[in-house]
Protein chains: 2
Amino acid sequence: MNSNLEKKCMERGVRLTDQRKLIAKIMSESKDHPDVDELHQRVNKLDSKISIATVYRTVKLFEEAGIVEKHDFKGNKARYEQSPQEHHDHLIDINTGEIIEFVNEDIEKLQKKVAEKLGYKLVDHRLELYGSKIKK
Amino acid sequence: MNSNLEKKCMERGVRLTDQRKLIAKIMSESKDHPDVDELHQRVNKLDSKISIATVYRTVKLFEEAGIVEKHDFKGNKARYEQSPQEHHDHLIDINTGEIIEFVNEDIEKLQKKVAEKLGYKLVDHRLELYGSKIKK
DNA sequence: ATAATTGCAAATGCTTTGCTTGTGA
DNA sequence: TCACAAGCAAAGCATTTGCAATTAT
């Protein structure tokens, strides 16, 4: 049974090794935003011989292939997630580290408009909200 | 003649050494977003004995005192600027690296709204646009 | 006077890389 | 077959830190 990401690799002609299949599987199943260490640990439960260097190389490869996204949230190491169907941004709970995904079309449009007003074509952007839970 | 940042240090009881005064002066005069290396070079033109460790320690100190801001734009080392009077975000030219500041109240409001809708109090945020110049 | 700061070099933490052996198409 | 990938350990890069000497208040 080949995972979501494994299929994308095949489509894009990314050579599939056992290690890559496993990393693809783990990332396909992950609903959070694991860092490389975390990925390495998860993968190692299935194959304890995979080195962390391979995990680093693979996430980079996947990122360059456009099938995973890398995030550098404030003060943390890089985190990864499978490239989503539709773009979203993130809100990070500054107390727990929990990451919440959100979509806001109005903000997206405004960003594009701002860039254009400055004479730029918007190619990429980064929007992160940092907040603390309102208790009620 | 004491610089803008030097005054703020005094107000906040930050002990003023010759090195700090110089770094404060350089940062007060900088209209761009220099990284630590760049700051070190600029400072060294006035006093070639200041170590890069001191520059690192000082920008961190200034940041914690709330008088300078640190930015980690994609793929670059940390850059610093004097804390501005009014908040702004940045657009980065992906071809030249040029950094353009902008303000957009609508986006600011929407961010706050999004956070609240998710049950969070917005404490901080990061908005960066990456674009390429439209030639005409 | 004395607690804080500096410079230096060594240490750190994350990430990348050279090299040799192994392997997918 | 054979170009490419993996594992390991070493290297790289930005940043931090321990320590002895110096300095601001």
Side-chain angles (χ1 to χ4, degrees), chain A residues 2-3 5-27 33-41 43-44 46-65 67-80 97, chain B residues 2 5-26 33-41 43-44 46-65 67-80 97:
Chain A
N2 39 19
S3 66
L5 279 172
E6 194 178 324
K7 279 182 208 132
K8 288 189 189 165
C9 284
M10 295 192 294
E11 284 166 22
R12 282 155 221 239
V14 171
R15 193 180 205 160
L16 275 168
T17 63
D18 289 348
Q19 292 87 332
R20 288 182 185 173
K21 279 181 203 160
L22 216 51
I23 295 168
K25 175 176 149 68
I26 292 297
M27 294 195 79
H33 303 71
D35 60 33
V36 170
D37 252 335
E38 181 60 35
L39 282 171
H40 185 227
Q41 283 176 236
V43 152
N44 268 188
L46 303 174
D47 178 349
S48 64
K49 288 175 300 312
I50 295 181
S51 73
I52 194 146
T54 295
V55 182
Y56 271 108
R57 280 191 273 236
T58 303
V59 291
K60 186 174 220 183
L61 177 76
F62 286 0
E63 193 201 353
E64 282 160 0
I67 63 180
V68 312
E69 277 180 15
K70 178 185 185 182
H71 302 294
D72 284 288
F73 299 132
K74 286 194 185 189
N76 281 289
K77 26 195 166 170
R79 293 163 165 279
Y80 293 85
Chain B
N2 39 19
L5 279 173
E6 193 178 325
K7 279 182 209 130
K8 287 189 189 165
C9 284
M10 295 192 294
E11 284 167 23
R12 284 155 221 239
V14 171
R15 194 177 200 160
L16 275 166
T17 63
D18 288 349
Q19 292 88 333
R20 290 182 183 173
K21 279 181 202 162
L22 218 49
I23 295 167
K25 176 176 147 68
I26 292 296
H33 303 70
D35 60 33
V36 169
D37 251 336
E38 180 61 34
L39 282 171
H40 185 226
Q41 283 176 237
V43 151
N44 268 188
L46 302 173
D47 178 350
S48 62
K49 288 176 300 312
I50 295 181
S51 74
I52 194 146
T54 295
V55 180
Y56 271 107
R57 280 192 273 236
T58 303
V59 291
K60 186 175 220 181
L61 176 77
F62 284 2
E63 193 200 354
E64 282 160 359
I67 63 180
V68 312
E69 276 180 15
K70 178 184 185 180
H71 302 295
D72 283 287
F73 300 132
K74 287 194 185 190
N76 282 287
K77 26 193 167 170
R79 293 164 165 277
Y80 293 85

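A, B, ... follow the sequence lines: proteins, then strands. Residue 1 opens every chain.
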Per nearest nucleotide of DNA chain D, the residue lying toward the 5' end, A:Leu61 or A:Ala53, is A:Leu61

Walking DNA chain D from its 5' end, the first of B:Lys70 and B:Arg57 to be reached, judged by nearest nucleotide, is B:Lys70

Where the side chain of [X] is defined as all heavy atoms beyond and including C-beta, which of [options] is the nearest nucleotide?
| X | options | value |
| --- | --- | --- |
| A:Arg15 | D:dA9, D:dT15, D:dC4 | D:dC4 |
| B:Thr54 | D:dT25, C:dG24, C:dT6 | C:dT6 |
| B:Tyr56 | D:dG7, C:dA25, D:dT16 | D:dT16 |
| A:Val36 | D:dA14, C:dT15, D:dG7 | C:dT15 |

Check the distance between [N]'s [atom2] and [X]'s [atom1] and give it to me in whole angstrom.
| X | N | atom1 | atom2 | value |
| --- | --- | --- | --- | --- |
| A:Arg79 | C:dC14 | CZ | C1' | 14 Å |
| B:Glu63 | D:dT15 | CD | P | 11 Å |
| B:Ile52 | D:dA14 | CD1 | P | 9 Å |
| A:Tyr80 | C:dC14 | OH | C1' | 10 Å |
| A:Asp47 | D:dG7 | CG | C1' | 12 Å |
| A:Phe62 | D:dA5 | CZ | C1' | 12 Å |
| A:Leu16 | C:dA25 | CG | C1' | 11 Å |
| B:Lys77 | D:dT16 | NZ | C1' | 16 Å |

Can you find an N or O donor on one side and an acceptor on the other, under 3.5 Å apart, linking the side chain of A:Arg20 with the base of C:dG24?
-> no

Examine [N]: is either OP1 or OP2 under 4.0 Å from a nitrogen or oxygen in the side chain of [X]? Give yes or no.
| X | N | result |
| --- | --- | --- |
| A:Thr17 | D:dC4 | no |
| B:Lys60 | D:dT16 | yes |
| A:Gln19 | D:dG7 | yes |

Distance in Å, [X] [atom1] paired with [Y] [atom2], rounded so as to fall on 0.5 Å steps:
| X | Y | atom1 | atom2 | answer |
| --- | --- | --- | --- | --- |
| B:Lys7 | B:Ile67 | NZ | CD1 | 12.5 Å |
| B:Phe73 | B:Asp35 | CZ | CG | 11.5 Å |
| A:Lys70 | B:Lys74 | NZ | NZ | 10.0 Å |
| A:Ile52 | A:Gln41 | CD1 | CD | 8.5 Å |

With a non-hydrogen cut-off below 4.0 angstrom, is B:Ile50 in contact with a base, only sugar-phosphate, or nothing?
-> sugar-phosphate

Passes side-chain contact (heavy atoms from CB on, under 4.5 Å), B:His71 versus B:Asn76? Steps please.
-> CA-CA 9 Å; B:His71 302 295; B:Asn76 282 287; over 6 Å; no

